[in-house]
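Each ligand, and each atom within it, is numbered from 1 in the order the structure gives.
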Amino acid sequence: MGSLLEVKDLATYFYTDEGIIKALDGVSFSIDEGEILGLVGETGCGKSVTATSIMGLIPSPPGRIVRGSILFNGRELLSLSERQMRSIRGREIAMIFQDPASSLNPVFRVGFQVAEAIWAHLKTPIREALLKAAELFGRVNIPDPLVAISRYPHQLSGGMKQRVMIAMALSLNPKLLIADEPTTALDVSIQAQILSLIKRLQRDYGSSVLLISHDLGVISTMAHRVAVMYSGLIVEEGRAEDLFQKPLHPYTQGLLAAIPRVDEDKSELAVIEGTIPDLTNPPAGCRFHPRCPWVMKICEAERPPLKAVEPKHKVACHAYAG
Ligand code: SF4
């Protein structure tokens, strides 16, 4: 399988009164066709900025993509005009956001909102587009689809609203689906249903998925491959089974050790000491060095490159040099 998306050395900065926030500072990863890549890391590490950079939705000002490349299906997205990006957004790359309530317009019926997205891209007559919306509602397991298309967002539960958003995202059969914390706002039992729905639809439609989450449990059940982000950089990347069984980066090891396990009787959970760095003035060298239990002299001066140390398993850490 070839790469559908190749992100190389992507840097997105925000120019604020407090200083330049280097939200992404050299992010590189790829997603193959039909693959689910899990992007995981703490809040504020740059996961959502990665998604909005790919979608061409960085608010400017204050944001700007200052360097790098986003190659999608053979096209350089960073060289496209806003009009060209509009035709790609929704049709070729679709996004499911964290909070379905704020993504739906409260004054329009949900079926109309999905139908309008279909009409806008395909010029399908609105009556036909509404029937297509009902069909999609059925696919995402919304009961009574022909009735549900007439509902307003406030008449639906959070889980149903997220199903509407998934139906909207899939309405144009996109090649890439970006799901940014798609279950964070939902109850635990609904979370599992939404995740298995995304997985089933990914298989049915053959789409690639960039699944963004701070929750390693969510990533482990869904992703084929995982990229771990820390402070605007990818610090480890590999196949899900390799990364969860044998994490290489001390940050990934810390994240996994901090997950509570029902089969272990621990009185205290492991924690990663320290706090995430201020992105207006990130630490020199390895950005994790102030928190790293393995820190060496070189770590304070030189940023470690992300490189393969095992087949299909990359890490950015001087401890694996040589
Ligand atoms: Fe720790 Fe150094 Fe590796 Fe960074 S490069 S993770 S500070 S050992």
For this session: For the pair His249 and Phe288, evaluate ring pair (Phe, Tyr, Trp, His ring centres under 6.0 Å) and give the outcome as yes or no after the intermediate values.
Result: CA-CA 10 Å; His249 198 281; Phe288 189 59; 5.7 Å; yes
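Heavy atoms of other residues, nucleotides or ligands lying less than 6.0 angstrom from NZ of Lys123 number more than 12.
What sits closest to atom 4 (Fe) of ligand 1 on the protein, heavy atoms only, is Cys286 SG, 2.3 Å. Ranking the protein heavy atoms by distance from atom 1 (Fe) of ligand 1 puts Cys292 SG, 2.3 Å first. Protein heavy atom in closest approach to atom 3 (Fe) of ligand 1: Cys317 SG, 2.3 Å. For atom 5 (S) of ligand 1, the closest heavy atom belonging to the protein is His318 N, 3.2 Å. Nearest non-hydrogen protein atom to atom 2 (Fe) of ligand 1 is Cys299 SG, 2.3 Å.
Between the side chains of Tyr251 and Glu42, at least one donor N or O lies within less than 3.5 Å of an accepting N or O. Under the 3.5 Å distance criterion, with hydrogens and angles disregarded, a donor-acceptor pair is assigned to the side chains of Ser69 and Glu76. Glu18 and Thr280 share no side-chain donor-acceptor pair at under 3.5 Å.
Linking Ile, Leu, Val, Met, Phe, Trp and Tyr residues whenever their side-chain heavy atoms come within less than 4.5 Å leaves Leu201 and Met95 in two separate clusters.
Near His249, meaning under 4.0 Å from any of its heavy atoms, are these atoms of ligand 1: 6 (S). Ligand 1 places these atoms under 4.0 Å from at least one heavy atom of Trp294: 8 (S).
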